[in-house]
2 protein chains.
Amino acid sequence: MLRISKLTDYSTVVMSYLAREPNKMHNARDIMAHTQLNLPTVSKILKMLHKAGLLRSQRGANGGYSLMLPPESISITQILAAMEGNVALTECSTHHSHCSIESICHIRTNWRSISRIVQESLSKITLADMLRP
Amino acid sequence: MLRISKLTDYSTVVMSYLAREPNKMHNARDIMAHTQLNLPTVSKILKMLHKAGLLRSQRGANGGYSLMLPPESISITQILAAMEGNVALTECSTHHSHCSIESICHIRTNWRSISRIVQESLSKITLADMLRP
DNA sequence: TTAATCAGGACTGCTATAGTACTAATTATA
DNA sequence: TATAATTAGTACTATAGCAGTCCTGATTAA
């Protein structure tokens, strides 16, 4: 039903928590306690967000994660992209797919524009917006 | 990656084909031939679209399907809804879900608004738009 | 040196999806 | 009226992707 995955959903929860104190380091255990997600999941999400460049990490004792950018500068699209790759409503919108009817399908470019429209409307929403109720 | 399902994708192909001759009846075999989808799949899609009220059907010999409304009056959202249910980016946006952190999650309403934004931008695109390259 | 913490994979079980098949109901037409 | 064509409805299976878990290694503050 045009869903984002649970992990992606959770990642916005994690990011929102970090955004409340953008300059403070938070370790996985701390985030777990405040989001009620379990540790392996939190840990997995943090690694993915870090790999995508949205978080800064510090190893070792007293280490942890913090936002790479201020909450106003991080869009929902970026979080989505970090967790799931680019927003593309159909397979053929991105790479050459294995869709069996690709050769005769005439609406591919239309789907591409539609994806772009969705992407643009999501990119206008930032993490800072998510903090407000 | 914020994808629609393949069946939904195919359903837009089927709908586009029907939209070219909105008043003519097309049977499943004919649609199969022109879309290069296989018969069981086409058949399944047509039944779903019919059940959702987007198609009119005629049983028996010389029967088939045709659009219930003119292409300008059918939006992408309607096709999406017919195939996958309502557009809702997160589980908690629709019904009370089994999300384990629902009780402490503060960003639920935000996701609900985001879903609405996506839904609105998709509802502006009609089947008639899909016919144009 | 030690304990705390992140990094990077590998693995498993579950669920949703795609695709298929079969039978019943309906109807135009010869 | 008989027949062939066609949709309606349901059930089944195999596959792929996702959520969740676990283990081992690397890094660093104290």
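In what follows, every chain begins at residue 1, and chains take the letters A, B, ... in the order their sequences are listed.
Between A/Met25 atom CE and C/dC6 atom P the separation is 9 Å, expressed in whole Å. Taking atom CZ of B/Arg3 as the reference point, atom C1' of D/dC18 lies 15 Å away to the nearest angstrom. The separation between B/Arg29 atom CZ and D/dA4 atom C1' is 12 Å, rounded to whole Å. The distance between atom CE of B/Met48 and atom P of C/dG19, rounded to the nearest whole Å, is 13 Å. If you measure from atom NZ of B/Lys51 to atom P of D/dA8, you get 11 Å, rounded to the nearest angstrom. The interatomic distance linking B/Leu39 (CG) with C/dG19 (C1') rounds to 12 Å, in whole Å. Spacing between atom CG of A/Leu7 and atom C1' of D/dT21 amounts to 12 Å, rounded to whole angstrom units. Here D/dT10 presents its P atom at 10 Å from NZ of B/Lys47, a figure rounded to the nearest Å.
In this structure, of C/dT20, C/dC6, D/dG20, it is C/dT20 that holds the atom nearest to the side chain of B/Lys44. The side chain of A/Gln58 lies closest to D/dT28 when the candidates are D/dT28, C/dA7, D/dA8. Comparing D/dT21, C/dT20, C/dT17 by their nearest atom to the side chain of A/Pro40 picks out D/dT21. Closest contact between the side chain of A/Ala61 and the listed nucleotides D/dA29, D/dG20, C/dT20 involves D/dA29. Proximity note for A/Thr41 (side chain, C-beta onward) versus C/dA7, D/dA8, D/dG20: the nearest is D/dG20. The side chain of B/Asn38 approaches C/dT20 more closely than any other nucleotide in the set C/dC6, C/dT20, C/dG19. Listed nucleotides D/dA8, D/dA19, C/dA18 differ in distance to B/His50; the shortest reach to its side chain belongs to D/dA8.
A/Asn110 places a side-chain N or O within donor-acceptor distance of the main-chain N or O of B/Arg132, the cut-off being under 3.5 Å. Judged by distance alone, the side chain of A/Ser43 and the main-chain N or O of A/Leu39 form no donor-acceptor pair under 3.5 Å.
In terms of position on DNA chain D, the residue among B/His26 and A/Asn62 whose nearest nucleotide sits closer to the 5' end is B/His26. When the nearest nucleotides of DNA chain D are assigned to A/Tyr10 and B/Arg59 by heavy-atom distance, the more 5′-ward of the two goes with B/Arg59.
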> After noting the C-alpha distance and the side-chain angles of A/Leu89 and A/Leu2, does the key distance pass the side chain to side chain contact (heavy atoms under 4.5 Å, CB included) rule?
Replying inline: CA-CA 8 Å; A/Leu89 294 180; A/Leu2 198 57; 3.7 Å; yes
> Which is it for B/Leu54 and B/Gln78 under the side chain to side chain contact (heavy atoms under 4.5 Å, CB included) test, yes or no, and what are the steps along the way?
Replying inline: CA-CA 8 Å; B/Leu54 296 180; B/Gln78 283 175 281; 4.1 Å; yes
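Phosphate proximity of C/dA7 to A/Ser57: present, with a side-chain N or O under 4.0 Å from OP1 or OP2.
Below 30°, between 30° and 60°, or above 60°: for B/Tyr17 and B/His34 the angle between ring planes is below 30°, a parallel geometry.
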